Amino acid sequence: MRLSPALVLLAGCDDAAAAAGGGTFVVADYFADADVWTWRDDGDTGDVVDAEVLRGEMDEDGTLEVRRGPRFSDGEPVGELRWDLTATDLVLDRWEWGDAGDKEATIFARDGALTGDTVSNLDGACVAEAVDVLQTSYGTFDHALLSTCDGTAAPSGKWWFAKGFGVVRVETETILLDFVAPR
């Protein structure tokens, strides 16, 4: 399944610029219209087991609560990611996942940044890159933003974002997410 560029990324001002590794990241587009998600965290690519997926809902303050189960309303709490939706940059304000967490903010990408730009975060940094093709359990995104972080308040690893979909994949030692559906 291939999603149209209008539905996907959040990387470029235009598709040609993003595809060529140029263009700027428009941070406001990442979470536009995104407030409910379903992910898997089993590393599998086969059939999705409804009772085992992670379901997320974000409130108006940017707190994305994640629960495991067939329905969010009675799912088992897994964690929270608090996004600063008022910031011009892409900022994870704080997070909790199982017994781990941090209350310090991490900036994943600056608004208007170019691919390869580095954002310093306390003792660590995140590098933002445009990704031309990102395959998830949901489908293929023609463009995505990848932020690779190390030594930051957010778990070190790779975080992918898609325009209008928000966070669609996370690969860290603490958090593993693979986008299954916008609900």
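Just so we're clear, the structure is a prediction, and the values are computed from it rather than from any experiment.
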Chemist: Between Asp59 and Gly62, is there a donor-acceptor pair closer than 3.5 Å when you use the side chain of the first and the backbone of the second?
Modeler: yes

Chemist: Taking all atoms of both residues into account, what is the closest heavy-atom pair of Thr118 and Ala125, and its distance?
Modeler: CG2-CB, 3.7 Å

Chemist: Closer than 3.5 angstrom, by distance alone: can the side chain of Ser156 be matched with the main-chain N or O of Gly151 as a donor-acceptor pair?
Modeler: yes

Chemist: Between Thr106 and Ala154 (side chain of the first, backbone of the second, donor and acceptor by atom type, cut-off under 3.5 Å), is there such a pair?
Modeler: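 Yes, because the side chain of Thr106 sits within donor-acceptor range (under 3.5 Å) of the backbone of Ala154.
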
Chemist: For the residue pair Ala109 and Val119, what are the closest heavy atoms and their distance?
Modeler: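 Scanning both residues completely, I find the closest heavy atoms to be CA-CG2, 4.2 Å.
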
Chemist: In terms of side-chain heavy atoms, does Ser137 have a donor or acceptor partner in Asp178 at a distance below 3.5 Å?
Modeler: yes

Chemist: Side chains of Trp160 and Val131: does their closest heavy-atom pair fall under 4.5 Å?
Modeler: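 Yes - at least one pair of side-chain heavy atoms lies under 4.5 Å apart.
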
Chemist: How about Glu96 and Asp102: do any of their side-chain heavy atoms sit closer than 4.5 Å?
Modeler: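 Glu96 vs Asp102: side chains apart.
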
Chemist: Measure the CG-CE distance between Asp35 and Met58 for me, rounded to the nearest 0.5 Å.
Modeler: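 Going from CG on Asp35 over to CE on Met58, the span is 6.5 Å.
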
Chemist: For the CZ atom of Arg67 and the CZ atom of Arg55, what is their distance to the nearest 0.5 Å?
Modeler: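 Here the rounded value is 12.0 Å.
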
Chemist: Give me the atom names and distance for the closest heavy-atom approach of Ile107 to Asn121.
Modeler: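 Looks like N-OD1, 2.7 Å.
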
Chemist: Which pair of heavy atoms, one from Tyr138 and one from Pro182, lies closest together, and at what distance?
Modeler: CE1-CD, 3.4 Å

Chemist: Okay, side chain of Arg40, backbone of Asp44: is any donor-acceptor separation there less than 3.5 Å?
Modeler: yes

Chemist: What's the spacing between Thr152 OG1 and Glu104 CD if we round to 0.5 Å?
Modeler: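 CD of Glu104 is found 11.0 Å from OG1 of Thr152.
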
Chemist: For Asp99, does the CG atom have more than 12 heavy-atom neighbours from other residues, nucleotides or ligands under 6.0 Å away?
Modeler: no

Chemist: Within the structure provided, determine whether Glu57 and Glu65 are in side-chain contact (heavy-atom separation under 4.5 Å).
Modeler: no

Chemist: With rounding to the nearest 0.5 Å, note down the distance linking SG in Cys126 to CG in Leu92.
Modeler: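 CG of Leu92 is found 9.5 Å from SG of Cys126.
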
Chemist: Does Asp111 reach the main-chain N or O of Asp89 with its side chain, forming a donor-acceptor pair under 3.5 Å?
Modeler: no

Chemist: I'd like to check Lys158 versus Leu146 (side-chain heavy atoms, cut-off strictly below 4.5 Å). Are they in contact?
Modeler: yes

Chemist: Show the nearest heavy-atom pair for residues Lys103 and Arg94, with the distance to one decimal.
Modeler: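 Taking Lys103 first and Arg94 second, the nearest heavy atoms are CA-CB, 3.7 Å.
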
Chemist: Starting from the C-alpha separation in whole Å, work towards a yes-or-no answer on salt bridge (Lys or Arg N to Asp or Glu O under 4.0 Å) for Arg68 and Asp41.
Modeler: CA-CA 10 Å; Arg68 183 179 308 282; Asp41 66 344; 2.7 Å; yes

Chemist: Provide the closest heavy-atom pair for Ala34 versus Gly166 in the form atom of the first, atom of the second, distance.
Modeler: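 Smallest heavy-atom distance, with atoms named: CB-N, 4.1 Å.
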
Chemist: Checking the side chain of Thr115 only, and the main-chain atoms of Ala130 only, is there a donor and an acceptor separated by less than 3.5 Å?
Modeler: yes

Chemist: Closer than 3.5 angstrom, by distance alone: can the side chain of Trp37 be matched with the main-chain N or O of Phe165 as a donor-acceptor pair?
Modeler: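 The answer is yes, because a donor-acceptor pair under 3.5 Å joins these two groups.
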
Chemist: If you count every heavy atom of other residues, nucleotides or ligands that lies below 6.0 Å from Asp123 atom CG, does the total exceed 12?
Modeler: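 At most 12 heavy atoms, drawn from other residues, nucleotides or ligands, come within 6.0 Å of this atom.
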
Chemist: Of Phe179, Trp83, Phe141, which meets ring pair (Phe, Tyr, Trp, His ring centres under 6.0 Å) against Phe161?
Modeler: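 Among Phe179, Trp83, Phe141, the one that satisfies the ring pair (Phe, Tyr, Trp, His ring centres under 6.0 Å) with Phe161 is Trp83.
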
Chemist: Do Asp117 and Phe25 touch side chain to side chain, with heavy atoms closer than 4.5 Å?
Modeler: no

Chemist: Give a yes-or-no answer on whether the side chains of Thr63 and Glu80 include a donor-acceptor pair shorter than 3.5 Å.
Modeler: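 Checked: Thr63/Glu80 side chains show no N/O donor-acceptor pair below 3.5 Å.
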
Chemist: What I'd like to find out is whether the side chain of Val53 reaches to under 4.5 Å of the side chain of Val48, using heavy atoms alone.
Modeler: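 Side chain of Val53 against side chain of Val48, heavy atoms only: contact under 4.5 Å found.
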
Chemist: To the nearest 0.5 angstrom, please state how far the CZ atom of Phe31 sits from the CG atom of Leu64.
Modeler: 7.0 Å

Chemist: Please determine whether side chain to side chain contact (heavy atoms under 4.5 Å, CB included) holds for the pair Leu176 and Arg169, giving the CA-CA distance in whole Å, both sets of side-chain angles, and the decisive distance to 0.1 Å.
Modeler: CA-CA 7 Å; Leu176 178 64; Arg169 175 174 283 156; over 6 Å; no

Chemist: Do Leu85 and Leu90 belong to the same hydrophobic cluster, where Ile, Leu, Val, Met, Phe, Trp and Tyr are linked whenever their side-chain heavy atoms lie under 4.5 Å apart, directly or via other members?
Modeler: yes

Chemist: I need the Ile175 CD1 to Thr172 OG1 distance, nearest 0.5 Å.
Modeler: 5.0 Å

Chemist: Determine the sole option in Trp97, Trp39, Trp159 for which the side chain to side chain contact (heavy atoms under 4.5 Å, CB included) test with Val170 is passed.
Modeler: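 Between Val170 and the candidates, side chain to side chain contact (heavy atoms under 4.5 Å, CB included) is satisfied uniquely by Trp159.
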
